[in-house]
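Residue numbering restarts at 1 for every chain, and letters A, B, ... go by the order of the sequence lines. Here the structure is a predicted model, which is why all the values come from computation and not from measurement.
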2 protein chains.
Amino acid sequence: MAPSDLIHGDPETTRDAIMQATYQALCEHGYAELTIQRIGDEFTKSKSLLYHHYDGKDELLLEFLETMIDRFENEFQEDTHEAPRARLDGILDYGLAATLDEERAEFTRTMGELRAQAAHDDRYHQRVARLDESFRDHVAAVIRDGVAADAFAAVDPEQVADFVLVVLNGARLQRVTGGTEGDMNAAREEMRHYVRCRLEADE
Amino acid sequence: MAPSDLIHGDPETTRDAIMQATYQALCEHGYAELTIQRIGDEFTKSKSLLYHHYDGKDELLLEFLETMIDRFENEFQEDTHEAPRARLDGILDYGLAATLDEERAEFTRTMGELRAQAAHDDRYHQRVARLDESFRDHVAAVIRDGVAADAFAAVDPEQVADFVLVVLNGARLQRVTGGTEGDMNAAREEMRHYVRCRLEADE
């Protein structure tokens with residue numbers, strides 16, 4: 001789900017190139033050590049362009065988060081051709097994958113750093129809340145489709161979506177701060193039980 | 001579950017007083033702005049005592065985490081007089097409470113800051129992993145007791161405990177970075193369904 005074209009692809013616009021440099025510099029230095037100069041070091045075009053448009057690292061990072069939200073929302077819109085159950089399984093398999101390749105592991109660590117800023121900075125809090133909300137809306141839509149198609153029991157789509165968000169955020173946190181492959185397999189297995197007995201059948 | 005006697009009580013030993021000052025300074029300044037001097041400012045006894053024994057803020061914070069692990073482990077040992085189901089409900093009600101009082105909210109934010117360090121500092125990673133492990137062992141013991149007493153279905157206690165840890169870590173992260181009261185209520189409600197259909201009955 002990582003919009004990896006932005007992060008690793010050939011940037012189409014100057015803004016994309018700036019966002020890519022922001023991401024690279026954040027991966028390399030971490031939030032605390034990041035400066036707009038270090039973002040400039042990753043930027044291959046004129047640095048004055050960068051310094052002219054942005055006042056500091058937070059402005060760039062907040063715009064990076066905005067870009068991620070847009071990309072996620074676009075990506076979610078494309079995911080409607082499969083059956084609800086397959087879409088839900090796809091979300092859970094992605095979020096609770098036992099291992100991550102290096103690119104995704106780095107993305108998870110990096111987004112985790114930005115997420116951590118939300119604890120004491122309202123600007124980050126707003127973006128992280130919107131990112132969570134857009135994911136939650138997406139899951140709720142999948143559940144709603146499944147209920148409408150009688151593929152799922154008559155659950156409350158928003159409530160199930162909230163729960164899926166909590167579980168996937170837990171997986172995300174644990175990957176970054178002490179989790180093991182076993183945790184993810186266990187969580188995936190128990191979510192399978194949950195889906196089976198909560199969504200497949202009326203209690 | 002916050003060992004609040006350490007954090008807010010009257011410290012019994014000099015070490016407890018140092019740990020209390022460490023916690024207070026971390027609450028006040030956050031990790032990035034924390035210095036051993038600022039911890040010293042919260043310490044009511046001789047500051048030379050503090051500077052003599054500790055090289056820097058990380059040494060103090062890591063010891064604070066160690067202390068938390070010990071306290072949690074002691075607390076868990078005392079919780080064996082109730083029935084397994086009541087103990088599990090207690091854990092879930094605590095971890096997924098809709099709202100937190102100010103003291104616990106501050107504790108959650110502060111521990112979240114220390115947890116975030118685990119992403120790029122192996123010393124924090126080790127402690128956070130141990131904290132998670134001790135919680136996971138505790139939940140697994142509750143489930144195991146329940147299975148032995150035929151109060152729960154024949155589930156894998158470790159696997160269920162891993163899942164509970166993921167869910168509670170997700171709740172913890174979401175409280176700090178953009179969650180709402182509604183998220184917690186939804187997660188608690190869905191965990192009730194999970195417990196009902198996974199633990200109360202054989203599938």
Between Lys57(B) and Glu113(B), does any side-chain N to carboxylate O distance fall below 4.0 Å?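 Answer for the salt bridge query: no.
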Could Asp89(A) and Arg85(A) be called an ion pair, given the rule that one side-chain N must be under 4.0 Å from one carboxylate O?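 Looking at Asp89(A) and Arg85(A), the cut-off is met.
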Please identify each residue that fulfils side chain to side chain donor-acceptor pair (under 3.5 Å) with Glu189(A), with sequence neighbours left out.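 Glu189(A) satisfies side chain to side chain donor-acceptor pair (under 3.5 Å) with Arg192(A) only.
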State which residues pass side chain to side chain donor-acceptor pair (under 3.5 Å) with Glu133(A); sequence neighbours excluded, sorted by chain then number.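 With sequence neighbours excluded, Glu133(A) shows a side chain to side chain donor-acceptor pair (under 3.5 Å) to no residue whatsoever.
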Partner residues of Asp58(B) under the salt bridge (charged side-chain N to carboxylate O under 4.0 Å, His left out) criterion, sequence neighbours left out: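 Salt bridge (charged side-chain N to carboxylate O under 4.0 Å, His left out) check on Asp58(B) returns Arg123(B).
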Quick check: under 4.5 Å, non-hydrogen atoms only, which of residues 158-168 of chain B neighbour chain A?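 Within residues 158-168 of chain B, the residues that come under 4.5 Å of chain A (heavy atoms only) are Gln159(B), Val160(B), Asp162(B), Phe163(B), Leu165(B), Val166(B), Val167(B).
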What part of Arg115(A) gets closer than 4.5 Å to chain B, counting heavy atoms only: side chain, backbone, both or neither?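 For Arg115(A), backbone and side chain are both near chain B.
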Give me the ring orientation class for Tyr31(A) and Tyr124(A): parallel if the planes are under 30° apart, tilted from 30 to 60°, perpendicular past 60°.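 Tyr31(A) vs Tyr124(A) ring planes: perpendicular.
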